[in-house]
Amino acid sequence: MKKVELSRRELLKGSAVVAAAAAIAPSLLLPKSAHAAAAENSQKTPIVGSRNVTGMKTEGTRAKVYFSSHIDAEHLIALYQKINEEIYGKVAIKLHTGEKNGPNILPRDMVQAFQAQVPNSTIVETNTLYQGDRYTTESHRETIKVNGWTFCPVDIMDEEGDVNLPVRNGLRLKEVAMGGHIVNYDSMIVLTHFKGHAMGGFGGSMKNIAIGCASGQVGKRQVHGVPGEVPEDWSKWPHDEPLMELMADSAKATCDYFGKHIVFLNVLRRMSVDCDCAGKRAAEPTIPDIGILASTDILAIDQASCDLVFGKPDTENHDLVERIQSRHGLHQLVSMAKLKMGNPQYELISID
C-alpha cells in the first residue's frame with residue numbers, strides 16, 4: 001500500500017495473545033504450517049507469536065509489536081526506545097489522567113520517570129462530555145492535582161476551543177473537532193492504560209486518541225454520535241458497530257495529522273471492565289496483569305492487546321472478554337482495518 005503523506009497545513013485546510021502462553025510454549029501459538037518457519041527464525045528474533053481474534057484475513061506482511069511482561073518505568077522506557085525514531089520537537093503525551101482517586105490509572109511514578117526522558121514533552125488531555133470531575137477546565141485541573149499529575153506540564157487541549165481535523169475517506173465522519181492545542185505539537189506519544197469500557201468494550205490506543213483528543217463539547221458529541229441534545233440515559237447513545245466506526249474515524253484524523261510522528265504504548269495492568277472514567281466506581285479487575293506493548297502501528301498494538309487478553313484462561317479473562325464481546329468491541333479493529341490505519345497481522349517481539 002502506497003503511503004501518501006500530507007502536510008498539516010493541507011490537512012487543516014481540508015477541514016490479538018500470546019505472551020503468557022508463549023513464555024511456556026511459543027510454538028503452540030502458531031499455526032502448524034508456521035512451526036518450521038518459527039523454528040528456523042527462532043535464533044534471529046524472539047517472535048512470541050500472534051493470534052487473530054477478529055476473524056479478519058491477515059495474509060502478507062506483519063507489523064512489529066514489542067512486548068515486556070515487566071510493568072515498570074525501566075521497561076516502559078526500553079520499549080519506547082524501540083519505536084521513537086520519528087518522535088521530535090514538541091511532544092504531546094496523550095494520557096488518560098482519570099477521575100479523582102481512580103484506583104486503576106497508570107502509576108504516577110512510572111509515568112513521571114518516562115516523561116522525564118522525553119525532551120520537551122507535555123501530558124495532554126481534553127475535557128469530558130459527561131458531567132464528572134473533568135467536565136470543565138477548572139474542575140479538570142483540580143482533578144489532575146488530586147491524581148498527582150503535577151510533575152510536568154499538563155495541557156487541556158480544548159481549554160481555548162477546538163480545531164477541525166479532516167477524516168480522509170471516513171466511515172461516518174468527514175471531520176472531527178479536536179482540542180485546539182493539538183496543532184501546537186510536532187509529535188505524539190499515545191500512552192494508554194488498556195482496560196474495558198462501558199460503551200466501547202475496551203479502551204486501547206485507538207480509544208485514547210479517538211475520544212481523548214476530541215474536544216469536550218463539540219468533538220466528543222461527534223465521536224459519540226450525539227450532535228444535538230445529549231440523552232441523559234447513555235444507553236440511548238449510539239453503541240456497537242456505529243460507535244466503533246465513529247471512534248475509528250476520529251482516531252484516523254489524529255493519526256493522519258501526525259503522520260509518522262506518532263507512536264503507541266499500551267499498558268495491560270489493572271484491567272477493570274470499566275474505563276478510568278468510572279473513577280472509584282470501577283469494578284475490581286479480575287484478569288491478571290499482562291505487560292506493556294509498544295508499536296508504531298495503532299491497529300497492530302490494539303489487535304495484539306486483545307489477543308493477549310483473549311489468550312488468557314477462561315477462569316481469568318471471562319469478565320473482560322464478556323465486556324468486549326457484549327459491546328461488539330472487536331469492531332474497533334475491523335473499522336481500523338477498513339480505514340487502512342494499520343496492519344492487523346503482527347509479530348510480538350519480547351524484549352525480556
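Along the sequence shown, residues carry numbers from 1.
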Counting only heavy atoms not in [X] (residues, nucleotides, ligands), do more than 12 fall under 6.0 Å from its [atom1]?
X: His70; atom1: NE2; answer: yes
X: Arg281; atom1: CZ; answer: no
X: Asn169; atom1: CG; answer: no
X: Lys145; atom1: NZ; answer: no

Main chain of [Y], side chain of [X]: is a donor-acceptor contact present, judged purely on distance under 3.5 Å?
X: His96; Y: Gly98; result: yes
X: Ser139; Y: Thr136; result: yes
X: Glu160; Y: His181; result: no
X: Gln222; Y: Leu173; result: no
X: Asp319; Y: Thr286; result: no
X: Asp297; Y: Gly342; result: no
X: Lys195; Y: His193; result: yes
X: Lys100; Y: Thr143; result: no
X: Asp249; Y: Arg172; result: yes
X: Thr126; Y: Gly212; result: yes

Given the rule in the side chain to side chain contact (heavy atoms under 4.5 Å, CB included) test, do Phe264 and Ile189 qualify, once you have shown the distances and angles that lead to the verdict?
CA-CA 6 Å; Phe264 310 94; Ile189 300 167; over 6 Å; no

Between [X] and [Y], is there a shared hydrophobic cluster once you connect ILVMFWY residues whose side-chain heavy atoms come closer than 4.5 Å?
X: Leu330; Y: Met271; result: yes
X: Val154; Y: Leu95; result: yes
X: Ile211; Y: Met206; result: yes
X: Leu243; Y: Val226; result: yes
X: Val218; Y: Val124; result: no

Hey, are [Y] and [X] close enough side-chain-wise for a donor-acceptor pair under 3.5 Å?
X: Ser335; Y: Glu245; value: no
X: Ser215; Y: Asp158; value: no
X: Ser69; Y: Asp352; value: yes
X: Asn147; Y: Thr97; value: no
X: Asn208; Y: Thr192; value: yes
X: Lys64; Y: Thr296; value: no
X: Asn127; Y: Thr137; value: yes
X: His331; Y: Glu241; value: no

For the pair Glu99 and Lys280, find out whether any cationic side-chain nitrogen is under 4.0 Å from an anionic carboxylate oxygen.
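Between Lys280 and Glu99 there is no salt bridge, as every charged N stays at least 4.0 Å from the carboxylate O atoms.
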
Using side chain to side chain donor-acceptor pair (under 3.5 Å), reason through Thr122 and Lys90 one step at a time and then give a plain yes or no.
CA-CA 8 Å; Thr122 300; Lys90 190 173 181 182; 5.8 Å; no

Heavy-atom side-chain contact between [X] and [Y] under 4.5 Å:
X: Ile262; Y: Ser187; value: no
X: Cys255; Y: Ile298; value: yes
X: Tyr185; Y: Met188; value: no
X: Ile156; Y: Ile144; value: yes
X: Val183; Y: Tyr257; value: yes
X: Asp289; Y: Leu268; value: no
X: Asp186; Y: His261; value: no
X: Arg327; Y: His197; value: no

[atom1]-[atom2] distance between [X] and [Y], expressed to the nearest 0.5 angstrom:
X: His239; Y: Met244; atom1: NE2; atom2: CE; result: 8.5 Å
X: Lys207; Y: Met247; atom1: NZ; atom2: CE; result: 8.0 Å
X: Arg221; Y: Leu129; atom1: CZ; atom2: CG; result: 5.5 Å
X: Leu76; Y: Ile292; atom1: CG; atom2: CD1; result: 5.0 Å
X: Ser295; Y: Tyr66; atom1: OG; atom2: OH; result: 8.5 Å
X: Lys94; Y: Ile182; atom1: NZ; atom2: CD1; result: 10.0 Å

Measure across [X] and [Y] and return the closest heavy-atom pair with its distance rounded to 0.1 Å.
X: Ala253; Y: Pro166; result: CB-O, 3.5 Å
X: Ser305; Y: Phe194; result: CB-CE1, 3.5 Å
X: Ala214; Y: Val176; result: CB-CG1, 4.4 Å
X: Ile105; Y: Arg269; result: O-NH1, 3.3 Å
X: Leu293; Y: Phe67; result: CD2-CD1, 3.3 Å
X: Ser205; Y: Ile301; result: OG-CG2, 3.8 Å

Please output the side-chain donor-acceptor pairs of residues 78-87 that fall under 3.5 Å, not counting sequence neighbours, one pair per line with the distance.
none

Begin from the C-alpha positions of Arg323 and Asp274 and carry the test salt bridge (charged side-chain N to carboxylate O under 4.0 Å, His left out) through to its verdict.
CA-CA 9 Å; Arg323 174 57 57 93; Asp274 294 314; 3.3 Å; yes

Give the intermediate values and the outcome of salt bridge (charged side-chain N to carboxylate O under 4.0 Å, His left out) for residues Glu284 and Arg270.
CA-CA 8 Å; Glu284 182 67 16; Arg270 290 201 60 82; 3.2 Å; yes

Begin from the C-alpha positions of Arg141 and Glu159 and carry the test salt bridge (charged side-chain N to carboxylate O under 4.0 Å, His left out) through to its verdict.
CA-CA 11 Å; Arg141 291 205 180 282; Glu159 180 176 9; 2.7 Å; yes

So, Tyr135 versus His140, ring centres under 6.0 angstrom or not?
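Ring-ring flag for Tyr135/His140: false, centres at least 6.0 Å apart.
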
Test side chain to side chain contact (heavy atoms under 4.5 Å, CB included) on Leu191 and Leu106; report intermediate values, then the result.
CA-CA 9 Å; Leu191 177 55; Leu106 294 181; 3.9 Å; yes

